[in-house]
Amino acid sequence: MKIKYEFADGAVSEVEVEESVGAVIVESRRIEDNLSRKERYHCYSLDAVEYEGAEYSDRKTPETALEQEEDARRIAEVMAEIPDVQRRRLLLYAEGKTLREIARMEGVDHKAVKKSIEAARKFFRKNF
């Protein structure tokens, strides 16, 4: 029986082996292929951290996914209630703009921007 080996560089080599040895190699390859196919569709949970290590965990559970969706919905609702000017300034500030940059963009004093952002934060904390 001839067994074909394909190397990583693309080279192919054929080796003549006895029938019994060839059967073992073919069966081994079949099992390995089946396991790798199963592994592709296997999802890891937080429990995998305990057994396999952090690299195997996706850190998501159905409960955390629902909590994240609920939080996102609540954030959107509260943000919609904040006045437009405050929301715009808060979002610009969250993106990394400084108070003076926002003030320059809107043509106002940086103290007004600061008060506006503080009011938006206060409203958000109160309602979230």
Side-chain angles (χ1 to χ4, degrees):
M1 168 180 238
K2 286 189 175 185
I3 299 291
K4 188 186 287 187
Y5 287 99
E6 189 171 329
F7 297 96
D9 64 356
V12 177
S13 177
E14 287 188 4
V15 178
E16 185 73 36
V17 295
E18 290 182 18
E19 202 65 36
S20 61
V21 174
V24 170
I25 293 172
V26 168
E27 179 65 15
S28 171
R29 286 180 178 176
R30 187 187 66 76
I31 291 170
E32 186 178 344
D33 286 346
N34 287 341
L35 288 174
S36 69
R37 203 171 6 270
K38 284 181 187 176
E39 193 67 26
R40 271 184 258 155
Y41 299 106
H42 186 76
C43 298
Y44 292 101
S45 70
L46 289 174
D47 296 335
V49 173
E50 296 174 20
Y51 303 107
E52 302 291 341
E55 64 274 7
Y56 287 99
S57 169
D58 62 5
R59 304 214 184 280
K60 291 182 183 177
T61 63
E63 293 82 14
T64 59
L66 287 174
E67 288 172 5
Q68 289 172 349
E69 288 176 16
E70 178 66 20
D71 287 347
R73 186 188 59 74
R74 287 181 53 216
I75 289 170
E77 286 175 1
V78 173
M79 289 297 283
E81 293 177 26
I82 296 175
D84 291 339
V85 173
Q86 291 179 357
R87 181 180 37 226
R88 182 178 63 246
R89 291 175 180 173
L90 181 64
L91 291 173
L92 287 170
Y93 190 67
E95 289 175 1
K97 301 270 189 224
T98 65
L99 295 176
R100 292 188 188 277
E101 287 174 333
I102 297 168
R104 225 177 294 120
M105 288 169 60
E106 297 192 352
V108 296
D109 187 48
H110 75 279
K111 292 178 185 176
V113 173
K114 183 177 180 181
K115 285 182 182 180
S116 180
I117 290 173
E118 286 174 357
R121 283 176 156 174
K122 184 177 178 182
F123 182 86
F124 190 82
R125 278 192 218 113
K126 180 181 175 186
N127 294 297
F128 187 73

Pairwise distance CD(Glu118) to CD(Gln86) - rounded to 0.5 angstrom:
11.0 Å
Sequence neighbours left out, what pairs pass salt bridge (charged side-chain N to carboxylate O under 4.0 Å, His left out) with at least one residue falling in residues 78-95?
Asp84-Arg87, Arg88-Glu106, Arg89-Glu106
Hphob cluster co-occupancy, [X] + [Y], side-chain heavy atoms under 4.5 angstrom:
X	Y	result
Ile82	Leu91	yes
Met79	Ile117	yes
Val24	Ile31	no
Leu90	Val78	yes

Which side-chain N or O atoms in residues 107-116 pair as donor and acceptor under 3.5 Å with protein atoms at least two apart or in another chain?
from	atom 1	to	atom 2	distance (Å)
Asp109	OD2	Lys111	N	3.4
His110	ND1	Arg100	NH1	3.3

Partners meeting ring-ring contact (aromatic ring centres under 6.0 Å, His included) with Phe123 (sequence neighbours left out):
none
Mind checking whether Glu77 and Asn127 have side chains closer than 4.5 Å, heavy atoms only?
no
Could you tell me if the side chain of Glu101 sits less than 4.5 Å from the side chain of Leu92, heavy atoms only?
no
Salt bridge present between Glu32 and Arg29 (N-O < 4.0 angstrom):
no
Taking only residues two or more places apart in sequence, or in another chain, which ones meet Val26 in a side-chain contact (heavy atoms from CB on, under 4.5 Å)?
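side-chain contact (heavy atoms from CB on, under 4.5 Å) check on Val26 returns Met1, Ile3.
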Listed by chain and number, what are the side-chain contact (heavy atoms from CB on, under 4.5 Å) partners of Lys2, not counting sequence neighbours?
Glu14, Glu16
What pairs of residues pass the side-chain hydrogen bond (donor to acceptor under 3.5 Å, both in side chains) test when at least one of them lies in residues 17-28, not counting sequence neighbours?
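As it turns out, the side-chain hydrogen bond (donor to acceptor under 3.5 Å, both in side chains) pairs with a partner in residues 17-28, which skip direct neighbours, are Glu27-Arg30.
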